[in-house]
Amino acid sequence: MFLRFATIGAEDSVAIMYNEMAPTLAFIIIAALVNGGTLFFYKKKTLQMRLSNISGITNIILQGYLLYHLFKLRELCESASYAHEAVSFSLTMVFPAIAAILDFLASRAISRQEAAGQLRIRLKKS
């Protein structure tokens, strides 16, 4: 499933979902709202660039939080009754890192586009 964070065990598996972890769900909602907001500020390039940077930072914080839970869950499983069970994590755990990279690349492209627009205005005046 898409919202699965981790699965413990093979046969009688226990699934841990993202929506069971409230701070993770809050970070996901904040990142989605900020990214959605950047779409509507295409006329205001500086605001769009700042929102893109904020979204990238939010995604980096979310990735760090997920890594914290990864190590915490592995440590818990090794010490608990799940020591003989395998812990597998979902592919969706790397999405915040990919989103952060894409946010910073978008911010850089917006900055270049704004600089080109300023240069065009300056050349038009002279």
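Values below: all heavy atoms of this structure, side chains included; hydrogens, waters and symmetry mates excluded.
Under the 4.5 Å side-chain heavy-atom criterion for Ile, Leu, Val, Met, Phe, Trp and Tyr, Ile61 and Leu66 are members of the same hydrophobic cluster. Leu47 and Leu33 fall into different hydrophobic clusters, where Ile, Leu, Val, Met, Phe, Trp and Tyr side chains are chained together by heavy-atom contacts under 4.5 Å. Val94 and Leu102 end up in the same hydrophobic cluster when Ile, Leu, Val, Met, Phe, Trp and Tyr side chains are linked at under 4.5 Å.
Shortest non-hydrogen contact noted between Ala31 and Asn59 is CB-OD1, 3.5 Å. In this structure, Ala97 and Gln63 approach most closely via the heavy-atom pair N-OE1, 3.2 Å. When every heavy atom of Ala100 is checked against every heavy atom of Gly56, the shortest pair comes out as CB-O, 3.7 Å.
In this structure, Met93 and Leu67 have side chains that are in contact, with non-hydrogen atoms separated by less than 4.5 Å.
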Thr58 vs Val34, side-chain contact (heavy atoms from CB on, under 4.5 Å): CA-CA, chis, key distance, verdict = CA-CA 9 Å; Thr58 304; Val34 172; 5.6 Å; no

task = Tell me, with the steps shown, if Ile60 and Phe104 meet side-chain contact (heavy atoms from CB on, under 4.5 Å).
result = CA-CA 11 Å; Ile60 288 173; Phe104 290 126; 3.6 Å; yes

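The distance from the CG atom of Leu62 to the CZ atom of Phe95 is 12.5 Å, given to the nearest 0.5 Å. Annotation: the span from Lys72 atom NZ to Tyr65 atom OH amounts to 7.5 Å, rounded to 0.5 Å. Taken from CE in Met49 to OG in Ser107, the straight-line distance is 5.5 Å, to the nearest 0.5 Å. Atom CD1 of Ile30 is separated from atom CD1 of Ile54 by 11.0 Å, given to the nearest 0.5 angstrom.
The closest side-chain donor-acceptor pair between Asn53 and Asp103, if any, does not fall under 3.5 angstrom.
Here the side chain of Glu114 pairs no donor or acceptor atom with the backbone of Lys45 at under 3.5 angstrom.
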